[in-house]
Amino acid sequence: LRVARHMAEQVERSHSEAVRLAGELRIDRYLFHMHNASGLLARLSRDDIPDSMMPALRMQAAREASRLRVAMTSRPESGSQRWSLGRVIANATSGFGHLPLEVNDLLGRHVMLPIHQAMAVQMALITVLYNVQFHARATEVTIHAEDHGDWWEVSVADDGVGFDPSAVHYGFGLRHQVVEPLRSEGLAVTVTSAPGEGTVVMMRSCPEGTSHAGWN
């Protein structure tokens, strides 16, 4: 009986922890969609939007509304699920066809990611692409993915206006939807930029036996 009670207590603690983590993940995803939806609403409320941009913004607004409804009603994904990096990139870039976007994922699209890691990368890519759309004024945007055997990388590079990372505090998007979620999944992320020289956001896994701290 003592052994059975001990095992039952362990199961109960594990269940409670799983419920807590699932709740935190759901809140994070809800905040992610709220941030994107509010950004789109703010953009749509402006009277200086070129007519050529309106169809793309309306389509993005419809997608964000759908994503928000799903985030509010869906159950957490099973931790045993895995998505390919190609699927993650395809999901993230859907709705950004109006950007001067080139996707080079042939060398990395086959990499399989645990579902929570895949979702973190997908949300990070979406956030970066919104930043490019609203702020970068880029004429070229490239997403590159590559498998290096014991680690992989995904980068988003644009030739836009750039910024000085030492003088600018990351906003909610970069901080809470790119850097923190990726690092919490054990991934490394770097943001490289300079005024007039565009921006590169690099996301990558870490080789077995290393920590992301040494890769940032």
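None of these values were measured; they are calculated from a predicted model.
Surrounding CG of Asp48 are more than 12 heavy atoms belonging to other residues, nucleotides or ligands, all under 6.0 Å away.
The shortest side-chain heavy-atom distance between Val189 and Leu187 does not fall under the 4.5 Å cut-off. Here the side chains of Gln122 and Arg87 are not in contact, with every heavy-atom distance at 4.5 Å or above. When side chains are defined from C-beta on, Leu125 counts as touching Val156, because their heavy atoms get closer than 4.5 Å. Residues Arg109 and Asp147 are not in side-chain contact: their nearest non-hydrogen atoms beyond the backbone lie 4.5 Å or more apart. Taking 4.5 Å as the limit, some side-chain heavy atom of Gln133 sits within range of a side-chain heavy atom of Leu99. Between Tyr130 and Gln60 there is a side-chain heavy-atom pair separated by less than 4.5 Å. Leu101 has its side chain out of reach of Val132: every pair of non-hydrogen atoms, C-beta onward, lies at least 4.5 Å apart. Taking the side chain as every heavy atom from C-beta outward, Arg82 and Pro114 approach each other to under 4.5 Å.
Annotation for Thr199 and Gly162: closest pair OG1-CA, 3.7 Å, computed over non-hydrogen atoms. The two residues Val154 and Ala145 come nearest to each other via the heavy atoms CG2-CB, 4.1 Å. Nearest heavy-atom pair across Ala120 and Pro181 is CB-O, 4.2 Å. Across all non-hydrogen atoms, the minimal contact from Gly186 to Cys206 is O-SG, 3.7 Å. Closest approach of Trp83 to Ala118, counting heavy atoms only: CB-CB, 3.9 Å. Here the shortest heavy-atom pairing between Trp152 and Val121 reads CH2-CG2, 3.9 Å.
Expressed to the nearest 0.5 Å, how far CZ of Arg204 lies from CG of Leu182 amounts to 12.0 Å. Rounding to the nearest 0.5 Å gives a distance of 10.5 Å between CD of Glu146 and CG of Asn104. Here CZ of Phe163 is found 12.5 Å from CD of Glu197. Values are rounded to the nearest 0.5 Å. Note: Asp164 CG to Ser193 OG = 8.5 Å, rounded to the nearest 0.5 Å.
A chain of hydrophobic side-chain contacts below 4.5 Å, direct or via other Ile, Leu, Val, Met, Phe, Trp or Tyr residues, connects Phe96 to Phe134. Criterion: ILVMFWY side-chain heavy atoms under 4.5 Å apart, direct or through other members. Under it, Leu174 and Val200 are not part of a common hydrophobic cluster. Residues Leu44 and Leu129 are members of one and the same hydrophobic cluster, defined by side-chain heavy-atom contacts under 4.5 angstrom among Ile, Leu, Val, Met, Phe, Trp and Tyr. In this structure, Ile115 is a member of the same hydrophobic cluster as Val88, with clusters built from ILVMFWY side-chain heavy atoms closer than 4.5 Å.
Among the candidates Ile126, Thr127, Asn131, the single residue satisfying the side chain to side chain contact (heavy atoms under 4.5 Å, CB included) test with Val178 is Thr127.
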Could you go through Asp159 and Glu140, starting from their C-alpha distance and side-chain angles, then the distance that decides it, and tell me whether this counts as side-chain contact (heavy atoms from CB on, under 4.5 Å)? CA-CA 6 Å; Asp159 65 348; Glu140 292 183 7; 3.8 Å; yes
Please walk me through it: do Asp105 and Ile143 pass side-chain contact (heavy atoms from CB on, under 4.5 Å)? CA-CA 7 Å; Asp105 67 347; Ile143 295 179; over 6 Å; no
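With Ser45 contributing its side chain and Ala42 its backbone, the two residues share a donor-acceptor pair below 3.5 Å.
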